[in-house]
*Asks:* 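Quick one: structure below, then a few questions.
So you know, we letter chains A, B, ... as the sequences are listed, proteins then strands, and number each from 1. Quick caveat, the model's predicted, so the values are computed rather than measured.
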Amino acid sequence: MGATDFIGAREDPSAPDVAALIPMVRRVIGARVADPTTAEDLVQETLVRVLTAAPRVEPGMLEPYAIVTARNVVTSLWRQQDRDRRNQHRVVDLSPPDAPDDDMLAREEQEAVAAALARLTDRERDTLVAHEVSGQDTRSLAEELGSTAGAVAAQLNRTRARLRVEYLLVRENVEPPTDRCRPVLLALSGGDRRRQREVDAGRHLLECEVCARLSPPLMERTQSRDDELRIPIAVDADVVAARQAARELASRLGFARTELTLIATAVSEVTRNIVRFAGAGEVVVELLDQPRAGVRITARDTGPGIPDVQAALADGYSTYNGLGLGLPGARRLMDEFAVVSESGRGTTVTMTKWCDAR
Amino acid sequence: MTGPKLVSILRQGDWLIASIHTALDDSQMLLFRNDLVEQIGRHRSRGVVIDVAALDVLDSFGANTLRTIAEMARLRGAETVIVGIQPDVAFAMVSLGMDTGDVPTALDLEEGLAYLGRPTGARSRGRRDAAG
């Protein structure tokens, strides 16, 4: 090594020969430190210390001195590493850095809300802003508007539902493709199930791609209802998932085990028809308490439809190599059963089992 | 397929004992059918017991598949007994208008094996006439 040669070359003859110590120092440190570059650093540090101390060390004692120095240098390295390890967690900055697009997203968000607000009527907007931003309560709003607090609250709810829909439309930058889209999205946003049935929201979502894409955030708000399950159907395994979900949900009503199996079997039959003939659809299982406790299963698809529903409900009608027991069998298992099918648009099977029916 | 086994097919002398351990969907049911028929040939089995106690539902497809298995097994020279149909599943099958055709059934595995081992059948060629 050039540097050590240099040191050696500068030695006057009377001074101790530090260069001669190098192999030994290397050995001492190499035995304790695995990383060759770190080891070489330590060797150099040891030599510097030995050189500084050489005039004070008794001749002949330089070698033991170098060994002890080398050990000390290694020990202090270990200590330092240990301290670093112990304190490492202190230097970690856990707060995430601001993403460069945060600002942009926030601005887009703001613009979308503003645009959505602009689409409300003046009265809707004023009431909403007075309530949400200025914190005016519904009673005083009702007095100003010559209405009741309940009516104002209901109006506010409808406005919020509309705002959610308009916000989504603005943010996704789409116009609803059909004139059915808005009413459906509104019904979903408001969580009004009667209204959803009136506009046949489930079927529309299967048919309209735009609404299917927009609806999940709207439905999430109402999905928290625990007496309704929605199972998308596409493959064989979904048939099992649907019938088990139906059994699970219905078991809460106190159906007997036998009836639960009847329900599961019926779900299995109608769901299989979706996989076989339509390819995709959904099954909705909901618990009813009006007029009696019961479970209603709605199986929808967007398949080719059933050309002759009456024939399909007769025993032995089969268009594939089956027994033709699917629909008529399911009908026998349930208390109420209805099939609506439109050629080219799909089929909806609605069936109900009442809990106290024997 | 990962996870626990859905079905098991065990050999017991001349017989195969096929147990379904969980709810099967249609394609799993067909895999089970093919596997079983293949094993009948491999083990030169004379009888098959299918234990369906763990099936949650025997709908038209499930029941039809069992009938097909029994018929395929018969063509391969093995007799099939279905065991373990639960009371609620049986009730649903009757309500649905389903049956297992002329496939014999037994209450449980013990009865099923006893049926296969019965002296009258003796798994001879004339067995079906004798049983009928």
*Asks:* Name the residue from A:T261, A:L262, A:T265 that meets the side-chain contact (heavy atoms from CB on, under 4.5 Å) definition with B:D88.
*Replies:* A:T261

*Asks:* Taking side chain as everything from C-beta outward and backbone as N, CA, C, O, which of these in A:R257 sits under 4.5 Å from a heavy atom of chain B? Side chain, backbone, both or neither.
*Replies:* both

*Asks:* Counting only heavy atoms not in B:R44 (residues, nucleotides, ligands), do more than 12 fall under 6.0 Å from its CZ?
*Replies:* no

*Asks:* Between CG of A:L333 and CE of B:M93, what distance do you get to the nearest 0.5 Å?
*Replies:* 11.5 Å

*Asks:* State the CZ-CG distance between A:R272 and B:D59, to the nearest 0.5 angstrom.
*Replies:* 4.0 Å

*Asks:* Is the count of non-hydrogen atoms from other residues, nucleotides or ligands lying under 6.0 Å from A:E248 atom CD greater than 12?
*Replies:* no

*Asks:* Exactly one of A:E269, A:R332, A:R331 should register a side-chain contact (heavy atoms from CB on, under 4.5 Å) with B:L96. Which one does?
*Replies:* A:E269

*Asks:* Other residues, nucleotides and ligands only: do more than 12 of their heavy atoms fall within 6.0 Å of CD on B:E110?
*Replies:* no

*Asks:* Is any side-chain heavy atom of B:F61 less than 4.5 Å from a side-chain heavy atom of A:R276?
*Replies:* yes

*Asks:* Tabulate below the donor-acceptor pairs under 3.5 Å that side-chain atoms of residues 4-11 of chain B make, not counting sequence neighbours, or state none.
*Replies:*
{"unit_1": "B:S8", "atom_1": "OG", "unit_2": "B:H21", "atom_2": "NE2", "d": "3.0"}

*Asks:* At what distance, to the nearest 0.5 angstrom, does OG1 of A:T271 lie from CG of B:D25?
*Replies:* 12.5 Å

*Asks:* Is the count of non-hydrogen atoms from other residues, nucleotides or ligands lying under 6.0 Å from B:Q12 atom CD greater than 12?
*Replies:* no

*Asks:* Provide the closest heavy-atom pair for A:R247 versus B:D56 in the form atom of the first, atom of the second, distance.
*Replies:* NH2-O, 3.0 Å

*Asks:* What part of A:A330 gets within 4.5 angstrom of chain B, counting heavy atoms only: side chain, backbone, both, or neither?
*Replies:* backbone

